Asker: 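Questions regarding the structure given below will be posed in turn.
Heavy-atom basis, side chains included; hydrogens, waters and symmetry copies ignored. Computed from a predicted model, the values in this text were never measured in an experiment. Here is the naming used below: chain letters follow the sequence lines, and residue numbers restart at 1 for every chain.
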Amino acid sequence: MTLRFHDSATATVRDFVPLQKGKASLYYCGATVQGEPHIGHVRSALAFDQLTRWLQTSGYEVTVVRNVTDIDDKILVKAAENNEPWWALAYRFEQAFENAYDSLGILKPTYEPRATGHIPEMHALIQTLIERGHAYPALDDSGDVYFDVRSWKAYGSLTHQNIDDMQAAPDADPRGKRDPRDFALWKGHKDGDPETAKWESPWGAGRPGWHLECSAMVTKYLGTEFDIHGGGLDLRFPHHENEMAQSQAAGHGFANFWMHNGMVTYQGEKMSKSIGNTINPREMLELARPLVVRYYLGQAHYRSVLDYRPTSLAEAGAAVERIETFIEAARKQLFPGNGFGYIGTRPEAFAAAMDDDLNVPAALAVLHETVRAGNTALAAGDADRVQEAFLAVLGMADALGMNPLDEKWATAAGSPAALGALDVLVKAQLEARALARAEKNWAESDKIRDLLAAAGVVVADTAAGATWSLQK
RNA sequence: GGUGGGGUGGCCGAGAGGCGAGGCAACGGACUGCAAAUCCGUGCACACGGGUUCGAAUCCCGUUCCCACCUCCA
């Protein structure tokens, strides 16, 4: 069984061969922190979280770097509109992104560098590009420095485009450029720009252009050549194309794999900052538990379009509860006490699905099939098979970052002491109800059940007696 | 104009020449005092038209519709 990933640069699914045996280096584009995160941002991070976890599960030591682009045109514009320092706005939204990532259980990267902390590295890269004849100071005296796309024959290769076939950008400002497609590595300081957004450089004071920060930072932390570069599909062009061009033109091998996640659409249309049809993760978390949101966002293949509909979260919730119900029932049967330890397993079919370019939907099918087998075993009282299914379900859920038993997802449950007290109280009610039932006093029995239900305690009658759980 | 991805049962969503994907919803049954949960069963799914093949959702040709990117985008 071989680990295979889709590589956008070659447009093929091919075997993953790490540069260093047993290690994997992953860089994926985080946010330009110019506004609240929307679901698309989170889906992207989740896709690469699934990738990270599967690499780890497969035994790789993974180094993950995700950038924060904390200086760019939009940040400056919005800060000015807001009458707020740009760095305050950027940091505010950076934290909003962190919160969104955290709430969905997205693993922290190994490191998360900020663009503004890497100006010297960017200068070095620009210098190299100028020396190699792939960049030039603006032909006017703007202080800009541009990448010369015509000087780099491979330009367009990531997205399989030919420069001459591209539609000319209607709003391209050709001032000072040799070719309208040349992009800014460095933007000269202009009157009116904040003084705090100004750094000295050999080409005059200014600030970095978009694209450059990623090249500079990935090289610093992962080296001139690394395993995987990721990001949203919409970043392929121009962002990743430009990144690849400027890094390779500087003599770097750069990324071995380019992985791009699909967009999230809202009723068929791409969610986009510019259109404004976005859903805030916070809004989604008001509609469903974090685990359910994670399940929903992660259930489709990462390269597929994910279309959000109003019923999506409820459906995901039902699927999650099915898994949880089995885990709870199995746990109670296998480990009647509170504490237990386990070593999760993963069926071959699950691993095969994940190895095949992270086929999460197929992997989830294995998980659900295992849940059904486990439920059947529970009904049959086959403890060995229950345990087998239990360990497999937990192992698979762990690999996907969706283990309901993980304290990360604890919701209504309070401290162990509080839960213990609640258990005593509820059990007293259940005993009273058992007595009523023995007397076939259904009115009394149902009254107790309704009372508990009103308090958020769900009662379930099983062959072994009544059990309870908190309403999810 | 260029580049790429798609149209799968009521909905979501995998698969990619023969073998049940899976989930949600619905209906029928089992279990249950009734529920809930669970299990079993049901749906003649592959945009359309041709073709190749013993066999096509999957390959080929044509048609059609949708989406994304082409310097703000995860």
Side-chain angles (χ1 to χ4, degrees), chain A residues 8 11 28-32 34 37-48 72-74 77 149 156 159-173 180-184 210-211 230-239 241-242 260-265 268-275 278 295-296 299-301 303-307 309 311-312 314-323 325-326 328-329 349 353 359-369 371-372 374-376 378-380 437 440-442 445-446 449-450 453 458-463 467 469:
Chain A
S8 303
Y28 71 93
C29 284
T32 296
Q34 49 117 346
H38 64 72
I39 285 303
H41 294 113
V42 178
R43 192 228 180 154
S44 180
L46 179 55
F48 293 103
D72 98 312
D73 291 355
K74 279 206 166 174
V77 169
V149 297
T159 48
H160 316 108
Q161 296 186 99
N162 185 316
I163 297 180
D164 295 313
D165 290 335
M166 290 185 205
Q167 205 169 50
D171 58 344
D173 180 359
R181 292 166 194 82
D182 290 351
F183 56 91
W210 189 37
H211 318 305
L233 193 58
D234 52 352
L235 289 184
R236 250 178 351 152
F237 194 93
H239 184 53
E241 188 74 70
N242 290 355
H260 291 101
N261 63 277
M263 301 293 96
V264 181
T265 57
E269 274 205 327
K270 191 186 82 161
M271 288 191 201
S272 162
K273 283 178 213 165
S274 57
I275 299 173
T278 62
Y295 182 96
Y296 165 65
Q299 67 178 341
H301 184 91
R303 283 194 282 124
S304 298
V305 172
L306 181 65
D307 194 31
R309 297 167 308 114
T311 56
S312 299
E315 286 166 14
V320 169
E321 275 175 38
R322 185 176 155 72
I323 296 166
T325 301
F326 166 69
E328 263 310 294
N359 191 337
V360 172
L364 281 173
V366 176
L367 198 161
H368 277 105
E369 281 162 3
V371 165
R372 190 192 306 120
N375 279 327
T376 301
L378 273 170
R437 293 185 74 213
K440 297 199 189 295
N441 183 351
W442 309 128
S445 161
D446 290 349
R449 187 169 63 194
D450 291 346
V458 180
V459 175
D461 292 318
T462 71
T467 63
S469 59

Asker: Between B/A36 and B/G28, how far is it from one P atom to the other, in whole Å?
Answerer: 13 Å
Asker: Does A/V42 reach a base, just sugar-phosphate, or nothing at all? Heavy atoms under 4.0 Å.
Answerer: nothing
Asker: On a whole-Å scale, what distance lies between the C1' atoms belonging to B/G23 and B/G13?
Answerer: 8 Å
Asker: May I ask you to say what A/S445 touches in the nucleic acid, namely base, sugar-phosphate or nothing, with a heavy-atom cut-off under 4.0 Å?
Answerer: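 Answer is base: heavy atoms of A/S445 come under 4.0 Å of a base.
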Asker: Can you tell me how far P in B/A14 sits from the matching atom in B/G22, rounded to whole Å?
Answerer: 15 Å
Asker: Rounded to the nearest Å, what distance is computed from the CG atom of residue A/N261 to the P atom of nucleotide B/C67?
Answerer: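 In whole Å, B/C67 P lies 20 Å from A/N261 CG.
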Asker: Quick one: does A/R372 reach the base of B/C40 with a side-chain donor-acceptor pair under 3.5 Å?
Answerer: no
Asker: Check every strand shown and say whether A/E241 touches a base, only sugar-phosphate, or nothing at a heavy-atom separation below 4.0 Å.
Answerer: nothing
Asker: Any donor-acceptor pair under 3.5 Å between the side chain of A/Q299 and the base of B/G13?
Answerer: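 Side chain to base: no pair below 3.5 Å.
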Asker: Taking any heavy-atom pair under 4.0 Å as a contact, classify A/A379: base, sugar-phosphate, or nothing.
Answerer: nothing
Asker: With C1' as the reference atom in both, quote the distance from B/A45 to B/G20 in angstrom, rounded to an integer.
Answerer: 14 Å
Asker: Does the B/A37 base have a donor-acceptor partner in the side chain of A/R322 within less than 3.5 Å?
Answerer: no
Asker: State whether a side-chain donor-acceptor pair under 3.5 Å links A/Q34 with A/T32.
Answerer: no
Asker: Have a look at A/G40 and say if it touches a base, only the backbone sugar-phosphate, or nothing, with a 4.0 Å heavy-atom cut-off.
Answerer: base
Asker: Within the structure shown, what part of the strands sits under 4.0 Å from A/G30 by heavy-atom distance: base, sugar-phosphate, or nothing?
Answerer: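 Counting heavy atoms under 4.0 Å across all strands, the contact made by A/G30 is with sugar-phosphate only.
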Asker: At under 4.0 Å between heavy atoms, what does A/N375 touch on the DNA or RNA strands: base, sugar-phosphate, or nothing?
Answerer: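 Touches sugar-phosphate only.
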Asker: State whether the distance check finds a donor on one side and an acceptor on the other, under 3.5 Å, for side chain A/D461 versus base B/C31.
Answerer: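 Result: no qualifying N/O pair found.
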Asker: Can you tell me how far C1' in B/C70 sits from the matching atom in B/G9, rounded to whole Å?
Answerer: 37 Å
Asker: Between B/A47 and B/C12, how far apart are the P atoms? Round to whole Å, please.
Answerer: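 Approximately 14 Å lies between the P atom of B/C12 and that of B/A47.
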Asker: With a 4.0 Å cutoff (strictly under), does any side-chain N or O of A/T311 reach OP1 or OP2 of B/A25?
Answerer: no
Asker: Any donor-acceptor pair under 3.5 Å joining the side chain of A/D164 to the base of B/G2?
Answerer: no
Asker: Taking C-beta and beyond as the side chain, do A/H239 and A/C29 meet within less than 4.5 Å on heavy atoms?
Answerer: yes
Asker: Do A/T159 and B/G4 share a donor-acceptor pair, side chain to base, under 3.5 Å?
Answerer: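 Flag unset: no donor-acceptor pair detected.
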Asker: For A/T325 and for A/I39, locate the closest nucleotide of RNA chain B by heavy-atom distance; then report the residue assigned to the nucleotide nearer the 5' terminus.
Answerer: A/T325
Asker: For B/C24, which nucleotide in any strand shown is its Watson-Crick or wobble partner with both distances under 3.5 Å?
Answerer: B/G10
Asker: Which part of the nucleic acid does A/H239 contact within heavy-atom distance under 4.0 Å: base, sugar-phosphate only, or nothing?
Answerer: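 No contact.
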Asker: With a non-hydrogen cut-off below 4.0 angstrom, is A/D72 in contact with a base, only sugar-phosphate, or nothing?
Answerer: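 Answer is nothing: A/D72 stays at 4.0 Å or more from every strand.
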Asker: Which base, if any, makes a Watson-Crick or G-U wobble pair with B/A57, both distances under 3.5 Å?
Answerer: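 Looking at the geometry, B/A57 pairs with no nucleotide.
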Asker: When all nucleic acid strands are considered with a 4.0 Å heavy-atom cut-off, which category describes A/V264: base, sugar-phosphate, or nothing?
Answerer: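 Contact class for A/V264: base.
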Asker: Would you indicate what A/R303 reaches in the nucleic acid, counting non-hydrogen atoms under 4.0 angstrom: base, sugar-phosphate, or nothing?
Answerer: nothing
Asker: In whole angstrom, give me the gap between the P atoms of B/U8 and B/C40.
Answerer: 28 Å
